[in-house]
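Below is one structure, written out as structure tokens; comments come after it.
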Amino acid sequence: MKKYYSRDFLLEIIIFTAFIFGVEVIFRAVECFTIFDWATFRIFLSAFFIATIIEIILSFIKKNKVKKTIRIIVLLLITIYAWVQAGFNNFLGVYISAGTSSQFGAVTSYVKEFLVSYKIEYYFIYMPFILYLIYVLKNNNFSHQVKYTYQNRLGIFSIMIITTIIYFLTLYIPFMQNPIQMVLNKYLFFSPTNSSVAVNQFGPTVYAFLDIKQLFFPVYFLDSGFEHTESDENDIRVFDDTLWKEVTKEETDPTKKTLDQYFLSRKIAQPNEYTGYFEGKNVIVIMLESVNNIILNSEYYPNFSKILEHSWYWENNYSPRNACATGDNEFSGMTSIYALNTSCTSNVYPNNEYFTSIFNVFKNSQYTVTSYHDLDSTYYARDIFHKAMGSMAYYDGNDLGISFDSSNCLEWPSDVEFVEKASAIFTQNTPFMAWLTTVTPHQPYDGPSTYGDKYLSLFEDTNYSMELKRYMSKLKVTDDALGALINSLEQKGILQDTVIVLYGDHYPYGLVDSDVASVVDYDIHDFYEIERTPFVIYNSELEPVTFSSKTSYINILPTLANLFNLDYDPRFYFGEDLFSPDFSNRVVFADSSWEDNIARYDARSGLVTYLTNQRYSTAEIQKINQEINQKKQMSKLAITSNYFADLESKINAKKNTLNENDINEERN
């Protein structure tokens, strides 16, 4: 039987290509990606290829109405996906991937907030689809058929082959590459682990295919041949790596062998003048839900202001949002490991064990370590991953007897009640290390609630929106909780012997940007300034100091480990001790963009903006990017392989074998 194709077959390919490409170009525009570059050319080629494949498939269908319906559905799906990607990135700070499906809950639970967060320009993404509908309605008579000859077939497939070759050449030809791109295109195409760079370079449509491919057929490019940093004869902090090196020598898993070689090659951070500054004191780490620099207001939040009077305060601290901002930023604060930017780390890998975690290093120094949260495990599996990390006991809202309804997003529990009940437990044994995660200021803010309305009278003379007022009212409850904690420690006579560490998990992204901008004193639209949050180390006997260092939650654990003079190996941490003379003074964001005192590097665009007259060479930027990319890559490999649990098990097995041999020798 002869096959027939529409006489406008090639025309339909060109037209359908134009509309797919139109969606992609508008997406690039609203996402502030460069339009006139090689990535756009690459995206045009992919649009042409997709349109050709669709038309070849449709050529086997005789009914034109069916063809049109399929084209409309395909273009609609492409449009919706691009629109959702733009909104998801705006709302949670990352592009969605197959691995972040668990974060659909963060959107479905706050549909109204999600939609409100959409910028008007995002809706322009639908323009090509609307124009295509008009085109279809005006051109509904493609009924003439012609034979599909051998020449037609050969021509079409020749065009497809040529398009494919040109497409892949754009991944390799030097002048089409950005030499300081965080991940080179030839690697990124086969392993799209950095969603921001991948979406920029390939567009949301191709990224969707690459992302699904990576989910089912993952590809990782393992680094090798790490340059080993030799110890200095004057080094104080040294380790006997004999057993570890034996484990590495016998390791057959290429991923774990690579991780062994990487960690063994890293420089060992040495003690400094702040080593042991708080040795023997109690420590409370509090991750503050949805707290940014709005809390820096002594009129509304006097307890936080009083804490600052005896604190070290980092004014350039950031809390980059990951796939699930709260859970992942809690994870990174506890481990000094970068969370996965393509999945919700704490939920997908809750049973992973880390002998390097904040719980374990304090526990090894004879601290009683416990952790607390005033909600249940509705959103994050804290009851599992806290204990897996070494918390001797985890208490959620149910355990503490706090009344709440996790299905009612407006009525979050009281942080005051939470702190009072938690402190009654962790102060029973000293020295103690307690981790608290608050919840009261959590979104939404669009409806009346107990704590959202409690302090509204404080803001009645302001021009703030009602949503902002409700957020600030909730934040006031958290400030009350800080006051309650200080009073509790003082009454028990242990305030002087206790260090309190405070950091925000993320800015209140449940608010529209204009609300946040109306309160803080910096431009939230300038690079990643929206993610600026407080970081505080408090002790009642401290003289206040404000540090200008660029930092984030990734540096908390190594800094505390040094301040408390714990037994720890800094090579296992991707953060740095803030007081180390070798501190890089650089903050790394979720998409691997970074900022230091010299420059800002935007990983999405691969562009550098300088903040001073000093300049980096291309080689220097490449070295910084390589180091960051390695840390992110090794974090991913360590998490997905449960590396730390495996390494600890193998080293302990080696120790046990040696002990058994020693016992046998003594018997003989």
Side-chain angles (χ1 to χ4, degrees), residues 30 32 87 89-93 109-123 288-308 313 315-319 321 325 408-412 414-416 438-483 502 504-534 536 546:
V30 300
C32 298
N89 184 56
N90 181 59
F91 192 61
L92 293 180
S109 297
Y110 310 105
V111 174
K112 182 177 179 180
E113 289 75 21
F114 176 65
L115 294 176
V116 168
S117 72
Y118 263 85
K119 300 176 182 178
I120 295 177
E121 55 264 33
Y122 291 169
Y123 292 92
L288 301 166
E289 170 63 46
S290 299
V291 173
N292 73 340
N293 288 3
I294 291 176
I295 202 172
L296 299 177
N297 186 309
S298 59
E299 178 183 356
Y300 300 140
Y301 311 111
N303 293 304
F304 188 85
S305 294
K306 289 179 182 177
I307 285 175
L308 289 181
Y313 171 67
E315 62 181 355
N316 290 314
N317 180 73
Y318 299 83
S319 291
R321 290 176 295 160
N408 185 352
C409 296
L410 285 170
E411 294 289 356
W412 298 112
S414 166
D415 286 341
V416 175
T438 67
V439 79
T440 303
H442 202 293
Q443 65 171 326
Y445 316 112
D446 61 340
S449 64
T450 301
Y451 303 113
D453 295 350
K454 183 173 182 178
Y455 291 112
L456 283 180
S457 60
L458 289 176
F459 317 108
E460 60 185 3
D461 294 331
T462 68
N463 294 322
Y464 300 152
S465 70
M466 181 54 71
E467 288 78 11
L468 177 57
K469 290 178 181 179
R470 287 195 176 112
Y471 164 74
M472 295 180 72
S473 175
K474 289 184 172 187
L475 186 59
K476 172 68 173 169
V477 176
T478 298
D479 186 72
D480 291 344
L482 296 177
L502 305 172
D505 65 339
H506 53 74
Y507 79 93
Y509 59 78
L511 294 172
V512 296
D513 287 358
S514 58
D515 280 342
V516 179
S518 68
V519 185
V520 299
D521 59 357
Y522 49 88
D523 183 3
I524 65 170
H525 300 107
D526 184 17
F527 202 48
Y528 285 88
E529 289 301 289
I530 186 69
E531 296 186 342
R532 187 187 288 267
T533 58
V536 174
T546 298

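Every value quoted in this text rests on a predicted model; they were computed, and no experiment measured them.
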Any donor-acceptor pair under 3.5 Å linking the side-chain atoms of [Y] with those of [X]?
{"X": "Asn292", "Y": "Thr533", "result": "no"}
{"X": "Thr440", "Y": "Glu289", "result": "no"}
{"X": "Tyr451", "Y": "Asp480", "result": "no"}

*Quick one: salt bridge (Lys or Arg N to Asp or Glu O under 4.0 Å) partners of Asp526, sequence neighbours excluded?*
Arg600
*Would you kindly check if the NZ (Lys) or CZ (Arg) of Lys469 is within the cone defined by 45 degrees around the ring axis of Phe459 and under 6.0 Å from the six-membered ring centre?*
no
*asked:* For Tyr445 and Tyr471, take the angle between the two ring planes, folded into 0 to 90°, and tell me which bin it lands in: parallel under 30, tilted 30 to 60, perpendicular over 60.
replied: perpendicular
*Should the pair Tyr509 and His506 be assigned to parallel (<30°), tilted (30 to 60°) or perpendicular (>60°) ring geometry?*
tilted
*For the pair Arg532 (side chain) and Tyr522 (backbone), establish whether a donor and an acceptor sit closer than 3.5 Å, ignoring hydrogens and angles.*
no
Looking at side-chain heavy atoms only, is the closest gap between [X] and [Y] below 4.5 Å?
{"X": "Leu288", "Y": "Asp505", "answer": "no"}
{"X": "Ser518", "Y": "Asn463", "answer": "no"}
{"X": "Leu296", "Y": "Phe304", "answer": "yes"}
{"X": "Leu511", "Y": "Gln443", "answer": "no"}

*Is atom CG of Asn408 surrounded by more than 12 heavy atoms (other residues, nucleotides or ligands) closer than 6.0 Å?*
yes
_Summary of side chain to side chain donor-acceptor pair (under 3.5 Å) pairs that have at least one residue in residues 293-308, sequence neighbours excluded_ = Asn303-Asp479
_Residue pair Glu467, Arg470: steps toward the salt bridge (charged side-chain N to carboxylate O under 4.0 Å, His left out) verdict_ = CA-CA 5 Å; Glu467 288 78 11; Arg470 287 195 176 112; 5.4 Å; no
